[in-house]
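Read the structure below first, then the notes.
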Amino acid sequence: MQLTDSDKAMLDGEEGPAVAAAMDLLVRYGRALDAERLCDVRNVAGTMTQPSPVKARLVREGGWDKAYSVINLDCDDALEIPDMRVPTCQLQQSFGPDSVGIAPYPKELIELQSDAESFYGRKGVNILATCTPYQVGNIPVRGEHVAWMESSAVVYANSVLGARTNCEGGASTGSASLTGRIPCWGNHHPENRYGTHLIEARTPVEGPLDWGMLGYFAGGLVQEERPVVTGELKQPDLLDLKHFGAAAASSGGVEIYHLPGVTPEAPTTEAAFGGAAVPEAVPYGERERRSVYEDLNSQGDCTDVDFVLLGCPHASLDQVRDTAQLLDGKRLHSGTQLWLMVPRALRTTADRNGWTEIIERAGGRVLTDSCPAMSRSAPPGTKVFATDSAKQAHYLPAILGIEAWFGTLEDCVSAAVTGRWKGDLR
Ligand code: F3S
């Protein structure tokens with residue numbers, strides 16, 4: 001692999017042992033992938049503050065320097081960690097102080113996370129604490145090389161923003177933060193970003209439920225390849241594409257897709273395939289739509305709903321407002337809880353607009369930083385949950401051993417108020 005003089009200097013320790021360890025990791029990672037070189041990144045989205053029993057032990061042994069060295073640099077020593085070299089943000093983490101008394105999440109891990117925030121914040125990590133950094137001001141531009149983790153964020157960055165990132169991990173992002181470099185392979189190369197499959201929607205696709213189901217279909221079809229979607233698509237917005245990408249990255253491993261005329265690298269269907277022959281279209285019609293809906297509801301049996309989870313990926317302000325409007329003047333069923341996950345920066349606006357108060361007056365909770373899947377935590381005794389997120393319906397039953405219902409925001413709020421699931425595909 002070709003290294004620049006600057007790369008070699010970092011590798012040789014000219015910027016200290018932590019930067020040398022970071023460069024060593026990137027070189028090993030790049031060589032394993034046959035990357036020819038590293039590329040510059042000035043935007044890293046990783047995970048440093050997430051607490052765990054292992055991290056608690058490392059902190060006891062050698063402080064936060066040791067925790068970063070082992071977890072984010074793959075190095076067993078306790079290296080002194082310098083300030084982040086390039087802008088870096090913390091993605092979603094675990095439940096924070098606002099979950100106390102609501103989510104059954106260990107107090108000692110909340111405290112560990114607060115300590116982590118202090119340490120990493122001083123080092124230059126922006127504690128955005130959301131899986132949707134693009135909703136709270138971290139918006140790379142088209143063509144920009146970045147190093148992001150979190151599958152739903154990666155697919156949004158590549159597809160909607162036209163930035164370039166692979167689905168990185170805790171160690172590669174930790175190393176990119178200290179060096180401003182990442183192996184140049186995969187999605188960093190234009191030729192690896194063109195479409196591989198064509199899907200034609202032959203049924204109207206409008207609103208987050210349908211965009212989520214289409215994404216779930218696309219991911220199941222192409223797995224880790226790159227779908228191009230045409231047909232009866234109503235103009236999507238941020239919310240629609242947030243749900244589409246998250247679902248495609250759950251049923252498959254989609255990291256980039258194209259919507260001709262909508263996403264930046266696909267002005268036309270031909271351009272989405274980079275001038276190669278356009279493959280025959282796979283239809284997505286009413287039959288496929290119903291099949292996806294039944295698949296996502298195949299883990300629901302009992303219609304008594306204990307828990308409603310909204311905001312996966314973390315909710316937009318529109319979703320918070322819509323939830324508040326649906327709950328205004330109502331009261332949750334006595335046996336049902338509702339949590340709405342939002343980025344903390346958006347919660348501030350929701351508070352000012354009065355939406356949080358309306359949701360909480362109804363008995364719901366607006367929580368930040370994490371989600372039930374990430375923190376492995378739901379209201380005690382939950383056996384059945386409902387969600388408007390294909391991603392959460394896909395993962396949470398396996399993580400928590402509970403039943404799942406999937407439907408619209410209206411279906412979910414109705415379940416929260418009545419305690420019963422009555423959703424159906426319309
Ligand atoms: Fe975000 Fe949790 Fe969903 S991290 S994408 S709300 S599974």
Side-chain angles (χ1 to χ4, degrees), residues 45-52 89-96 98-99 102-103 105 113 127-136 138 148-160 165 167-170 173 208-209 211-212 215-216 219 238-255 296 299 307-317 319-320 323 338-347 350 365-378 382 385-400 402 404 406 409 412:
T47 176
M48 287 95 179
T49 59
Q50 180 97 19
S52 69
C89 75
Q90 167 66 38
L91 291 160
Q92 72 277 4
Q93 46 186 12
S94 291
F95 280 127
D98 64 358
S99 72
I102 300 169
Y105 190 73
Q113 183 164 278
I127 313 294
L128 299 183
T130 175
C131 47
T132 60
Y134 51 85
Q135 291 201 105
V136 292
N138 188 356
W148 281 23
M149 289 174 68
E150 168 49 40
S151 63
S152 70
V154 165
V155 69
Y156 194 95
N158 278 315
S159 312
V160 183
T165 182
C167 210
E168 298 294 348
T173 51
L209 179 98
W211 278 100
Y216 203 75
L238 180 152
L239 169 57
D240 297 326
L241 297 185
K242 184 162 70 81
H243 277 249
F244 176 86
S250 300
S251 56
V254 174
E255 294 177 2
L296 285 166
Q299 299 181 86
F307 173 45
V308 172
L309 185 278
L310 305 171
C312 169
H314 282 178
S316 65
L317 281 172
Q319 287 175 285
V320 183
T323 306
L338 179 147
W339 294 354
L340 172 62
M341 311 309 309
V342 296
R344 206 184 293 194
L346 296 189
R347 156 107 196 206
R365 299 293 187 166
V366 180
L367 295 174
T368 63
D369 295 359
S370 189
C371 72
M374 199 49 57
S375 292
R376 298 175 175 267
S377 176
T382 296
F385 94 112
T387 183
D388 62 348
S389 163
K391 176 171 180 173
Q392 201 80 203
H394 179 87
Y395 286 118
L396 205 57
I399 291 173
L400 294 181
I402 59 179
F406 166 78
L409 173 63
C412 291

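Order of listing sets the numbers, starting from 1, for every ligand and every atom in it.
In this structure, Gly311 counts as a contact residue of ligand 1, since one of its heavy atoms falls inside 4.0 Å of the ligand. Every heavy atom of Ala246 sits 4.0 Å or more from the atoms of ligand 1.
Defined by atom type and a distance below 3.5 Å, a donor-acceptor pair is missing between the side-chain atoms of Thr387 and Gln392. For Gln92 and Ser370, the side-chain atoms include no donor-acceptor pair closer than 3.5 Å. With no hydrogens or angles considered, a side-chain donor-acceptor pair links Gln135 and Thr132 at under 3.5 Å.
Every atom of ligand 1 with a heavy atom of Glu150 under 4.0 Å away is listed here by number and element: 5 (S). Near Cys131, meaning under 4.0 Å from one of its heavy atoms, ligand 1 places the atoms 1 (Fe), 4 (S), 5 (S), 6 (S). Heavy-atom proximity to Gln392, at under 4.0 Å, picks out these atoms of ligand 1: 3 (Fe), 7 (S). Counting the atoms of ligand 1 from 1 in the order shown, those under 4.0 Å from a heavy atom of Lys391 are 5 (S), 7 (S). Within ligand 1, counting atoms from 1 as listed, the ones closer than 4.0 Å to a heavy atom of Ser152 are 5 (S).
Counting protein heavy atoms only, atom 4 (S) of ligand 1 is closest to Gln92 CG, 3.5 Å.
Between the side chain of Ser375 and the backbone N or O of Pro372 there is no donor-acceptor pair closer than 3.5 Å. No side-chain donor-acceptor contact under 3.5 Å links Gln299 to the backbone of Pro397. Not one N or O on the side chain of His243 forms a donor-acceptor pair closer than 3.5 Å with the backbone of Pro313.
Distances from atom 1 (Fe) of ligand 1 show that Cys371 has no N/O/S atom below 2.8 Å. Among the atoms of His314, no N, O or S atom is found under 2.8 Å from atom 3 (Fe) of ligand 1.
Side-chain atoms of Cys412 and Leu310, non-hydrogen and from C-beta on, do get closer than 4.5 Å to each other.
Aromatic ring pairs are classed by plane angle as parallel below 30°, tilted from 30° to 60° and perpendicular above 60°; the pair Trp148 and Tyr134 is parallel.
With Cys312, Pro343, Ala373 as candidates, the residue nearest to atom 3 (Fe) of ligand 1 on a non-hydrogen basis is Cys312.
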